[in-house]
Protein chains: 2
Amino acid sequence: MPFSKDSFKSAFSVDNVIFAFDQGKLQVLLIKRAEEPFKNQWALPGALVNIDENLRDAPMRTLKELTGLEDVFLEQVFTFGKVDRHPKGRVITVAYYSLINKNAFSLQASSFAQEVKWLAINDIDSLAFDHYEIMMVCLRRLQESVRRRPIGFELLPETFTLSDVQDLYEAILHKELDKRNFRKKILSLKILDDINEYQQNVAHRPAKLYKFNIDKYEQFKDRGFNFEI
Amino acid sequence: MPFSKDSFKSAFSVDNVIFAFDQGKLQVLLIKRAEEPFKNQWALPGALVNIDENLRDAPMRTLKELTGLEDVFLEQVFTFGKVDRHPKGRVITVAYYSLINKNAFSLQASSFAQEVKWLAINDIDSLAFDHYEIMMVCLRRLQESVRRRPIGFELLPETFTLSDVQDLYEAILHKELDKRNFRKKILSLKILDDINEYQQNVAHRPAKLYKFNIDKYEQFKDRGFNFEI
DNA sequence: CCAAAAGTGTTATTGATACACCCATGG
DNA sequence: CCATGGGTGTATCAATAACACTTTTGG
């Protein structure tokens, strides 16, 4: 049972910025609100926290309802608690972000939203509530994280080219990177395994395919690195 | 009015890890609990969030009650929300940490605690609830922050020596640092102003005194730096 | 004159940056 | 044979790391 749902004076919620990478762009999953306030406006997916549910399970539940996915990268970012952030009462919300591979699932019909869509983050300029601010705070956190820990690979398919990785980093950091230096650096981390296969049917020299090395990831998770790019 | 105080089933709180630097050690302010649960055990200062109070104001209120201080460095760290983290009901808590100069005030009597004390963080090995974990998460965040932004000077008196700064960094990072390299690096940031004064009445060569340059701080606050030490 | 902490420079190594051409494939 | 993106190396510069002795004061 969510906090104080019936006599709504105060509530406790989570919002989840779900990132994916598609068509060279960083995309965010949005829902169109079916109810007031902000009816018919785009918003971040979220949920009230059930009283018998661990906090982290709330955004996981949202994610599962929307995408069917479990075991997804999920990181808590910040808790937003201004008194007036929700027009109908006091709602404190914990923001999370997730990284998913868009191709691994299809969007599911969901009860709480009329409509669901992906939108490139650079094409979003307003959202319901303070969700735009929440999204941008999550983006900044993703940008910091991607420079310090080997995350981001959750956004790619199982095998990918070095150019895919570079395109992803450029999309996240919103910045062009030098090809040779990028390759040197990412390979020096030894988190990518060359699988000795190549792209097929491309109208140019086929690129080598790589796989993400999960063991090295585990080593770096705590230790971190400094991807100065 | 705090969330659901009377019929306590769920509540929303903040806990504040208040750091100070004294006798070469990083200290944390603790309160002895006057009530069950965990009666007579040491805990982090905290408060329930009032329904008409911005989230960030709650730890500031705690701080003011305990120390009389306002305008203190305060950073949100993480929100802890396991179902069973509080034995008496569902309490989600937002952890903050503060940095204060221990000499600038005296501890005040407080209603919610029998007793208040400073304890060196290395001498703390358990606390009420999950407060030990909360404290350690805040410490890690402080350690990260101090390497990337010019924070920490809130812990020092208005004038200080370079050795004071080094001792502080060593206490925070729990690691010995090379004197010459440390000085080179910290001076290269230009956030310290040499005030052309010296220590008095010390039984050794007196050290130069420095002041923290708040303008340079503002520049670095967003830009950050990389204090690889 | 002793004890204590302050203060100071150089070298070696590592990492970051800037930069341009040839290669393999499909059409 | 053209267009497309894949792939590669070097030189310069900046930052980091390791390291030991002299100076100034009070007692």
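Just so it is clear, the structure is predicted and the values come from calculations on it, not from any experiment. Convention: sequence-line order gives letters A, B, ...; per-chain numbering from 1.
Following rounding to the nearest Å, Arg183(B) (CZ) and dA6(C) (C1') show an atom-to-atom distance of 6 Å. Atom CZ in Phe182(B) sits roughly 13 Å away from atom P in dG7(C) (whole-Å rounding). Here the P atom of nucleotide dG6(D) and the CG atom of Leu192(A) are 15 Å apart, to the nearest Å. With rounding to whole Å, Gln166(A) atom CD is found 11 Å from dG6(D) atom C1'. Taking atom CG of Leu162(A) as the reference point, atom C1' of dG5(D) lies 13 Å away to the nearest angstrom. Rounded to whole Å, the distance from NZ on Lys208(A) to P on dT25(C) is 13 Å. The interatomic distance linking Leu187(A) (CG) with dG6(D) (C1') rounds to 13 Å, in whole Å. To the nearest angstrom, P of dT8(D) lies 15 Å from CD1 of Ile186(A).
Dashed line: the shortest gap from a side-chain N or O of Ser163(B) to OP1 or OP2 of dA5(C) is not under 4.0 Å.
A tilted orientation is assigned to the rings of Phe129(B) and His131(B), their planes being inclined by 30° to 60°.
Ion pairing between a basic and an acidic side chain is recognised when a charged N comes within 4.0 Å of a carboxylate O; Glu75(A) and Arg149(A) show such pairing. A salt bridge does not link Asp130(B) with Lys82(B): every distance from a Lys NZ or Arg NE/NH1/NH2 to an Asp or Glu carboxylate oxygen is 4.0 Å or more.
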Using a 4.0 Å cut-off on protein heavy atoms (strictly under), produce a 5'-to-3' string for nucleotides 18-25 of chain D with B for base contact, S for backbone-only sugar-phosphate contact, and - for none. BBB--BBB
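Nearest approach of Phe153(B) to Leu192(B), heavy atoms of both residues: CE2-CD2, 3.6 Å.
With ring centers used as reference points, Phe19(B) lies 6.0 Å or more from Phe21(B). With ring centers used as reference points, Tyr97(A) lies under 6.0 Å from Phe73(A). Aromatic ring centroids of Tyr217(B) and Phe212(B) lie under 6.0 Å apart.
With contacts defined as side-chain heavy-atom distances shorter than 4.5 Å, the pair Tyr169(B)/Val146(B) qualifies.
Relative to the axis of its first five pairs, the axis of the last five pairs of the helix from dC1(C)-dG27(D) to dG27(C)-dC1(D) sits at 0°, rounded to 10 degrees.
In this structure, Glu158(B) places its CD atom where only 12 or fewer heavy-atom neighbours from other residues, nucleotides or ligands lie under 6.0 Å away.
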